[in-house]
Structure formats: structure tokens, C-alpha cells
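Along the sequence shown, the residues carry numbers beginning at 1. Quick caveat, the model's predicted, so the values are computed rather than measured.
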Amino acid sequence: MKEKRHAKILEIIRREEVGTQEEMCDLLNKSGYHVTQATVSRDIRELKLSKVAVSGGRQKYVLLSDVQDSMDAKYIRVFQEGVVSIDMAQNILVIKTVAGMAMAVAASLDSMNHHEIVGSIAGDDTIMCAVRTVEDTINLMRQLKKLLRLDDSADERE
């Protein structure tokens, strides 16, 4: 029963802008699920739903992974549009960006959760990332260049 209710909740939030647990209760009850606000609260927590702002100052529930997917795409776009070049010096990755974009590109890099990066410092147009090892730096640089399509192998595939 719980799985079916969870599936119905996900269907509802994809179809409608539901901003409160009470609204969700009403919609579920109309759909034949007899629930209390406490049940809906637990379901929201278990499904990892989150609220996002919509027009008119309202909020609505969304599946957190949907928000994350959207944010991932935005961060990748910021990274792709902001990076000018990538180079390395031993275990330090040096990323040159469009002027004024280093902080945004560093935030996008942080969102990618590369475990090889110990820490980053961003200026106006340069980011310096301390990477665990030289080998990790080489591999990370290769991955990032593929994302940017700056490596030779990406050109050969086209």
C-alpha cells in the first residue's frame, strides 16, 4: 500500500503544484488513499521531496533528484561556458576562466564532487585545485577536458 501511495504522490507532484501537506492530503484522499497529515509528512521525508519556489510567491513539492538533475545540468553549463583552459603543475590543477567567472566555475566544480580534489581557491579568472596525487591530477584533467571537449580523443570521435 505504501509503495502505491508513494507512486501516487510522485504522480501528483509531477502533475500539479502542491505546496502544503494539507493539499497533498486532500489530493490523496480524493484519489482513494485515506491518509492523515502525519502520514503525508512521513511520506514526504521518505521520498526526499523538497520545496522550490514557483511564480506568485508560492512553493511546490518536487523530487529532490529532479532538482539535483536540473542543478547538475546548470553547473555543467557554467563550467563549459566559463572555462578557457586547463593545465597542471604536479598535483595542482590550474583552470583559467573568462574574467569574473572563476568563483562560479569553482562552485560548479565543487558540485561535481571529484574526490581527488582536496580543496580549491578561486580568484577572478583562475582556479587552483590541490589534487591528492599527480596521477589523480592527470586523470581529473582528462575528465574535465572531455567535459569541455578539449581533448584530442573527443575530437577524433566526432
Side-chain angles (χ1 to χ4, degrees), residues 2-3 5-21 23-24 40-158:
K2 183 177 178 178
E3 290 83 18
R5 188 175 66 244
H6 282 187
K8 187 65 175 178
I9 289 170
L10 293 174
E11 177 189 320
I12 289 170
I13 65 168
R14 286 191 175 108
R15 191 182 66 227
E16 300 186 38
E17 289 185 358
V18 180
T20 67
Q21 293 177 4
E23 289 176 57
M24 183 64 72
V40 168
S41 178
R42 274 192 303 278
D43 288 343
I44 287 170
R45 207 171 30 258
E46 289 172 12
L47 289 169
K48 296 184 176 146
L49 300 183
S50 184
K51 282 189 175 182
V52 296
V54 293
S55 62
R58 287 184 34 94
Q59 292 186 329
K60 73 172 188 171
Y61 284 106
V62 294
L63 186 59
L64 196 54
S65 65
D66 291 346
V67 172
Q68 188 59 46
D69 290 346
S70 172
M71 290 306 293
D72 288 347
K74 287 178 184 174
Y75 281 132
I76 289 170
R77 198 166 42 253
V78 165
F79 187 82
Q80 290 172 329
E81 292 177 7
V83 173
V84 173
S85 68
I86 302 175
D87 204 348
M88 64 176 275
Q90 296 297 323
N91 69 318
I92 296 176
L93 190 65
V94 180
I95 302 172
K96 297 297 263 174
T97 70
V98 174
M101 287 291 294
M103 291 289 229
V105 171
S108 71
L109 188 61
D110 287 345
S111 78
M112 295 178 200
N113 296 315
H114 290 285
H115 71 278
E116 305 92 340
I117 298 175
V118 178
S120 304
I121 299 173
D124 182 57
D125 64 354
T126 305
I127 303 164
M128 296 184 71
C129 301
V131 183
R132 294 192 188 282
T133 67
V134 172
E135 184 179 323
D136 283 344
T137 308
I138 293 166
N139 292 332
L140 179 61
M141 187 169 70
R142 190 173 297 129
Q143 289 174 36
L144 295 175
K145 284 186 173 185
K146 280 183 183 176
L147 185 62
L148 296 170
R149 300 187 146 291
L150 292 178
D151 65 332
D152 296 333
S153 61
D155 293 337
E156 292 170 5
R157 285 191 302 266
E158 295 180 337

- If you draw a 6.0 Å radius around CD in Gln59, do more than 12 non-hydrogen atoms from other residues or ligands fall strictly inside?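 Enclosed: over 12 neighbouring heavy atoms sit under 6.0 Å from CD of Gln59.
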Taking side chain as C-beta onward, heavy atoms only, is [X] less than 4.5 Å from [Y]?
X      : Y      : answer
Ile138 : Arg142 : yes
Met24  : Ile13  : yes
Arg14  : Leu63  : yes
Leu109 : Leu144 : yes
Ile9   : Leu49  : yes
Asp136 : His115 : no

- Check the pair Met88 / Val134 against side chain to side chain contact (heavy atoms under 4.5 Å, CB included), numbers first and verdict last. CA-CA 9 Å; Met88 64 176 275; Val134 172; 4.0 Å; yes
Partner set under salt bridge (charged side-chain N to carboxylate O under 4.0 Å, His left out) for [X], not counting sequence neighbours:
X      : result
Glu23  : Arg58
Glu46  : Lys2
Arg132 : none
Lys60  : none

Ignoring hydrogens, what is the shortest heavy-atom contact between [X] and [Y]? Give both atom names and the distance.
X      : Y      : result
Tyr75  : Ser108 : O-CB, 3.2 Å
Met141 : Leu93  : CB-CD1, 3.8 Å
Ile95  : Cys129 : CD1-SG, 4.4 Å
Ala122 : Met103 : CB-SD, 3.7 Å
Gly82  : Val105 : CA-CG2, 3.8 Å

Just verifying a value: how many Å separate [X] [atom1] and [Y] [atom2], rounded to the nearest 0.5 Å?
X      : Y      : atom1 : atom2 : result
Ile92  : Ile121 : CD1   : CD1   : 9.0 Å
Thr133 : Gln90  : OG1   : CD    : 11.0 Å
Glu11  : Glu16  : CD    : CD    : 9.5 Å

- Query: For Asp110, what residues pass the side-chain contact (heavy atoms from CB on, under 4.5 Å) criterion, not counting sequence neighbours?
  - Reply: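 Residues passing side-chain contact (heavy atoms from CB on, under 4.5 Å) with Asp110: Ser120.
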- Query: What residue among Leu47, Ile44, Ile12 forms side-chain contact (heavy atoms from CB on, under 4.5 Å) with Tyr61?
  - Reply: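 That would be Ile44.
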Do [X] side-chain atoms and [Y] backbone N/O form a donor-acceptor pair below 3.5 Å?
X      : Y      : result
Asp124 : Gly100 : yes
Asn91  : Val131 : yes
Glu116 : Thr137 : no

- Task: Output all residues satisfying side-chain hydrogen bond (donor to acceptor under 3.5 Å, both in side chains) with Asp43, sequence neighbours left out; order by chain, then residue number.
- Result: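 Listed in chain order: Arg5, His6.
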- Task: Start with the C-alpha gap between Ile117 and Met112, add the side-chain angles, then the distance that decides, and say whether side chain to side chain contact (heavy atoms under 4.5 Å, CB included) holds.
- Result: CA-CA 10 Å; Ile117 298 175; Met112 295 178 200; over 6 Å; no
